[in-house]
Amino acid sequence: MYAFDFERPTTLADAVAALSKDEAQALGGGQTLIPTLKQRLASPSALVSLTGIADMKGICTSDDGALCIGGGTTHATVAREAADSFPALSDLAGNIGDPAVRNRGTIGGSLANNDPAACYPSAALATAATLVTNSRSIGADDYFQGMFTTALEEGEIVTEVRFPIPEKAAYMKFEQPASRFAMVGVFMAKYTDGVRVAVTGASEEGVFRWTEAETALSANFSGDSLSGVSLSGEGMITDLHGSGDYRAHLVGVMTRRAVAAAR
Amino acid sequence: MSKVAMTVNGKSVSGDAKGNTLLVEFLREDLRLTGTHVGCDTSQCGACVVHVNGKAVKACTMFAAEADGAEVTTIEGMANADGSLNVIQQAFQDHHGLQCGFCTPGMVMSAAALLKENPKPTEAEVRDYLEGNICRCTGYHNIVKAIMAASGQDVGAIAAE
């Protein structure tokens with residue numbers, strides 16, 4: 001790793017101030033950033049750890065029925081505390097990485113990084129979640145802007161994520177067994193006014209909504225309604241683990257499984 | 001350099017750490033607690049698992065400064081007060097849950113975290129919890145058996161002999 005200064009503020013205001021310095025970088029749980037630093041793929045002047053900010057941790061339900069999760073909340077905490085209120089999200093969080101990774105990695109860190117194979121972006125997009133930062137609120141449809149790219153400005157921190165709780169939902173991940181990232185992950189969320197389907201792991205553009213499937217499932221919520229709907233392999237990730245066509249096919253399979261498993 | 005202070009295996013310790021000093025480096029090189037191993041250094045293998053404030057974490061993927069003020073437990077803190085092996089360690093010995101032993105500190109720390117959360121896990125739950133701990137010798141069967149035995153469950157029916 002290159003050398004850097006390390007700060008661990010205890011308030012959001014101090015963190016924002018620390019991040020205003022040139023080349024300063026926020027550190028969530030570090031489960032992606034620390035390996036990246038070890039490979040010398042990043043050289044921040046300072047790391048600003050967000051793990052000391054108590055206000056950014058925890059889960060609650062808002063008056064309008066949304067599940068609100070602090071940006072510094074670990075995957076393990078979401079898996080445990082969302083189990084009753086939003087089981088699909090709890091399942092997603094409980095299958096990220098491994099138990100030790102889940103004890104460190106945070107929802108805010110995952111969403112800020114927007115890895116094209118990360119799990120959380122699919123949940124945020126499929127539920128039209130709101131990402132709250134230190135300066136504004138951003139709808140998920142505007143937030144995700146391609147692989148590792150988001151609407152966040154330099155030094156902006158995801159402090160909270162608000163998920164409208166669906167009637168039914170499921171997350172289905174086809175796991176790449178070595179990295180435990182999603183080869184393909186599909187988050188399907190059914191609301192009274194329609195179904196949303198978001199796909200991670202598959203596209204070169206990062207997480208995306210599969211609108212044809214949404215239309216079919218909104219008209220008829222059953223796996224059969226997807227029989228005439230398919231996705232092209234064009235623009236899908238091709239690597240040593242699978243071709244674009246293979247991933248496109250998996251998206252259909254995972255979506256059907258999500259419909260069957262929805263609760 | 002900045003000062004970091006934490007409680008490791010019940011003792012207050014402090015030292016100087018650079019910003020990029022990993023917790024595992026601090027434990028091994030400053031405190032000379034070399035029971036915590038570095039296998040892959042990429043968060044895959046789990047040989048470096050320790051407990052920070054009661055939670056299993058990979059000490060190769062956390063900075064020492066992040067553990068400032070924390071309670072840390074390493075494999076050196078697992079034996080009974082009289083120095084004898086604790087129930088999990090003894091079960092690993094009894095059930096031949098180690099061969100070369102390199103992964104064992106991480107396996108024992110993960111097992112201890114699992115049994116704290118879930119005192120009577122099923123075989124499937126044990127295997128699931130060990131997802132982030134890699135062993136190249138045993139084929140895992142005897143590790144699973146040891147953890148089931150440590151939880152006080154019958155291990156007669158587990159896995160292949």
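Because the structure is a prediction, the values reported are computed rather than measured. Order of the sequence lines sets the chain letters (A, B, ...), proteins ahead of strands, with each chain counted from 1.
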[atom1] of [X]: more than 12 outside heavy atoms within 6.0 angstrom?
{"X": "A/Asp239", "atom1": "CG", "answer": "yes"}
{"X": "B/Lys11", "atom1": "NZ", "answer": "no"}
{"X": "B/Asp16", "atom1": "CG", "answer": "yes"}
{"X": "A/His241", "atom1": "NE2", "answer": "yes"}
{"X": "A/Arg80", "atom1": "CZ", "answer": "yes"}

Measure distances from A/Leu33 to the heavy atoms of chain B and classify the residue's part below 4.5 Å as side chain, backbone, both or neither.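 When you check distances to chain B, no heavy atom of A/Leu33 falls under 4.5 Å.
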Residue pair A/Phe4 / B/Asn20: nearest heavy atoms and the distance that separates them: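 Residues A/Phe4 and B/Asn20, closest heavy atoms: CZ-CB, 3.4 Å.
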Is the shortest heavy-atom distance from the side chain of [X] to the side chain of [Y] under 4.5 Å?
{"X": "A/Lys38", "Y": "B/Cys60", "answer": "yes"}
{"X": "A/Gln31", "Y": "B/Thr61", "answer": "yes"}
{"X": "A/Phe6", "Y": "B/Glu66", "answer": "yes"}
{"X": "A/Thr51", "Y": "B/Phe63", "answer": "no"}
{"X": "A/Asp98", "Y": "B/Gln44", "answer": "no"}

Roughly how far, to the nearest 0.5 Å, is CG of A/Leu27 from CE of B/Met62?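 B/Met62 CE to A/Leu27 CG: 10.0 Å, rounded to 0.5 Å.
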State the NE2-CG distance between B/His51 and A/Asn103, to the nearest 0.5 angstrom.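 If I round to the nearest 0.5 Å, the distance is 9.5 Å.
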Structural part of [X] lying under 4.5 Å from a heavy atom of chain A:
{"X": "B/Ser2", "result": "neither"}
{"X": "B/Leu22", "result": "side chain"}
{"X": "B/Lys18", "result": "neither"}
{"X": "B/Asn133", "result": "neither"}

Kindly say whether B/Ala56 contributes a backbone atom to a donor-acceptor pair with the side chain of A/Arg104 at under 3.5 angstrom?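 Side chain of A/Arg104 to backbone of B/Ala56: no pair is present.
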